[in-house]
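In what follows, a structure is listed as structure tokens, so that the remarks can point back to it.
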Amino acid sequence: MKAKKEGKLTKQELSWVLYDVGNSAFTLLVATILPIYFNALAENDGVSSAQYLAWWGYAASISTLLVAFIGPVFGAFSDQKGMKKPVFVTAMLVGVVSCAALALPDSWIVFLVIFIIAKTGYAASLVFYDSMLTDVTTPERMDSVSSKGYAWGYIGSCIPFVISLIFVLMYDSLGITMTAAIAIALFINAGWWFVMTLPLLRNYHQIYYVENSEKNRITAAFRRLGHTFADLKKHKNIFMFLLAFFFYIDGVYTIIEMATAYGKALGLDTTGLLLALLLTQIVAFPFALLFGRLAAAVDNTKLIRICIGAYFCIAVFAIQLDKQWEFWILAVAVGMFQGAIQALSRSYFAKIIPPEKSGEYFGIFDICGKGASFMGTALIAVITQITGNASAGVGILSIMFIIGFVLFGKAARLN
């Protein structure tokens with residue numbers, strides 16, 4: 001599968017890319033500042049570092065399970081004429097409002113509950129957002145547009161993040177408390193997310209949809225979703241890709257979710273962790289664009305294989321990580337392949353599914369992606385609790401990449 005057409009983004013493509021710029025601010029917040037703040041709240045209640053990592057992992061897993069149900073059902077619902085935008089807006093607003101609301105609690109338990117709601121809204125919005133790709137561009141441009149979404153999302157999210165860092169790292173000099181600094185950071189990121197969504201709300205038009213003659217739209221959505229699951233066995237190329245994606249994206253999302261929490265559990269310096277993950281965003285920008293351009297000349301199945309292999313090496317390296325400079329190496333390596341593997345997987349999938357059913361198919365895609373993330377974060381949480389060693393749980397990720405690599409090879413041969 002080759003994308004042959006590059007060029008200037010259309011208004012719809014640009015609006016779609018800008019949502020990546022907006023929601024990526026929340027992603028970066030979850031990967032950096034929020035785990036550190038949660039650690040402080042938990043420590044005040046006498047929660048150990050290993051237990052803190054486990055609880056953070058459980059919270060991420062719960063939100064994943066919720067989206068695993070929401071995604072396919074409302075994805076199928078959004079495929080009906082005129083429904084994709086309102087369903088997307090609802091999920092986005094839940095995420096934005098809950099992001100701001102994280103500034104309110106001083107209890108780590110209440111904080112986790114609001115975090116689960118915020119992350120569920122965020123992840124659900126991505127199901128509908130990803131499915132919009134078939135409406136905003138052509139199959140020939142999907143690799144390029146998808147890669148630009150991740151690329152500009154990475155670099156754009158650095159703007160609210162750097163502003164937030166000024167308050168979080170210099171709160172004492174600014175004469176405010178850490179709690180106030182975190183609250184300011186949360187409001188900045190929630191506002192950024194919402195503002196960057198506005199162009200998409202103005203310019204998006206649903207082109208592909210499923211005609212529905214039934215009065216009850218929800219019942220119709222469930223019925224169609226059941227037919228789609230039944231039909232998956234007939235579409236072996238789609239089924240095999242989803243199976244491969246489940247395994248290899250497990251490690252990718254788990255590393256994104258747990259990187260800062262893992263570093264804190266190992267006792268690494270907070271400022272160093274935040275700056276290293278900022279470097280990840282900066283490195284990810286040119287490399288996501290690079291892989292998007294490479295997809296115009298090289299079969300994207302080869303590029304996805306390269307990314308999976310690189311992530312296997314990253315997972316193996318992370319097992320023995322115990323020094324700050326090693327975390328910096330990890331941050332750079334992740335930045336090189338993080339955007340590429342997500343963008344190319346998204347566009348690969350968009351090309352092999354029926355465009356009029358993109359909502360429900362991307363709902364299933366999200367089950368495989370976020371479901372894998374649930375497995376990865378849960379496994380790390382359980383193994384860390386059992387062994388009391390944060391490094392012990394990381395080793396399982398390398399096995400996931402091996403399985404994903406083999407299964408993706410089989411999926412590629414079916415297309």
Side-chain angles (χ1 to χ4, degrees), residues 25-63 95 98-119 122 157 160-190 254-281 321-324 327-328 331 377 380-381 384-385 388-391 393:
F26 179 74
T27 306
L28 189 52
L29 202 67
V30 170
T32 54
I33 295 174
L34 289 187
I36 294 169
Y37 183 57
F38 172 65
N39 185 33
L41 291 176
E43 278 186 346
N44 288 340
D45 260 2
V47 180
S48 69
S49 60
Q51 292 296 317
Y52 136 76
L53 180 67
W55 279 111
W56 189 250
Y58 289 138
S61 299
I62 290 169
S63 68
S98 300
C99 175
L102 283 168
L104 301 177
D106 55 7
S107 161
W108 68 272
I109 297 176
V110 177
F111 181 89
L112 272 189
V113 172
I114 298 176
F115 170 70
I116 290 169
I117 296 171
K119 197 165 182 301
Y122 155 78
S157 64
F161 179 67
V162 169
I163 297 172
S164 299
L165 271 188
I166 293 172
F167 288 97
V168 172
L169 297 180
M170 301 177 63
Y171 67 92
D172 206 22
S173 302
L174 295 171
I176 59 176
T177 64
M178 168 62 88
T179 302
I182 294 293
I184 292 170
L186 288 165
F187 284 124
I188 288 172
N189 284 270
T254 303
I255 288 171
I256 293 171
E257 294 274 1
M258 305 293 283
T260 302
Y262 179 52
K264 284 296 295 178
L266 294 174
L268 302 183
D269 175 63
T270 297
T271 303
L273 290 175
L274 293 175
L275 293 176
L277 288 166
L278 175 59
L279 179 62
T280 296
Q281 302 296 107
L321 188 151
D322 60 359
K323 297 180 179 65
Q324 197 82 37
F327 194 87
W328 282 83
T377 53
I380 287 182
T384 299
Q385 278 195 318
N389 183 354
S391 297

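Numbering starts at 1 and runs along the sequence shown.
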> In chain order, what residues pass the side-chain contact (heavy atoms from CB on, under 4.5 Å) check against F167, with sequence neighbours excluded?
Replying inline: I163, L174, I176, A181, I184, I188
>> With rounding to the nearest 0.5 angstrom, report the CG to OH distance, L112 to Y58.
In response: 12.5 Å
>> Nearest 0.5 angstrom please: S157 OG to L29 CG, how far?
In response: 10.5 Å
> To the nearest 0.5 Å, what is the distance between NZ (K119) and CG (L102)?
Replying inline: 12.5 Å
> Which atoms form the tightest heavy-atom contact between M178 and V168, and what is the distance?
Replying inline: CE-O, 3.9 Å
> If you look at every heavy atom in P160 and A25, which pair is closest and at what distance?
Replying inline: CG-CB, 3.8 Å
> When rounded to the nearest 0.5 angstrom, what distance separates CG in L41 from CD1 in I36?
Replying inline: 12.5 Å
>> Ring centres under 6.0 Å, that's the criterion: do Y37 and F111 meet it?
In response: yes
> So which of W56, F38, Y122 actually passes ring-ring contact (aromatic ring centres under 6.0 Å, His included) with F115?
Replying inline: W56
> What is the distance from atom OG of S164 to atom CG of L169, rounded to the nearest 0.5 Å?
Replying inline: 10.0 Å
>> Looking at N189 and A185, would you say the former's side chain and the latter's main chain have a donor-acceptor pair under 3.5 Å?
In response: yes
> Side chains of F161 and I33: closer than 4.5 Å at any heavy-atom pair?
Replying inline: yes
> How long is the span from the CG atom in D45 to the CH2 atom in W108, to the nearest 0.5 Å?
Replying inline: 7.5 Å
Report all side-chain donor-acceptor pairs from residues 273-280 shorter than 3.5 Å, counting only partners two or more places apart or in another chain.
{"from": "T280", "atom 1": "OG1", "to": "A276", "atom 2": "O", "distance (Å)": "3.4"}
{"from": "T280", "atom 1": "OG1", "to": "A331", "atom 2": "O", "distance (Å)": "2.9"}

> If you take all heavy atoms of I114 and A101, which pair is closest and at what distance?
Replying inline: CD1-O, 3.9 Å
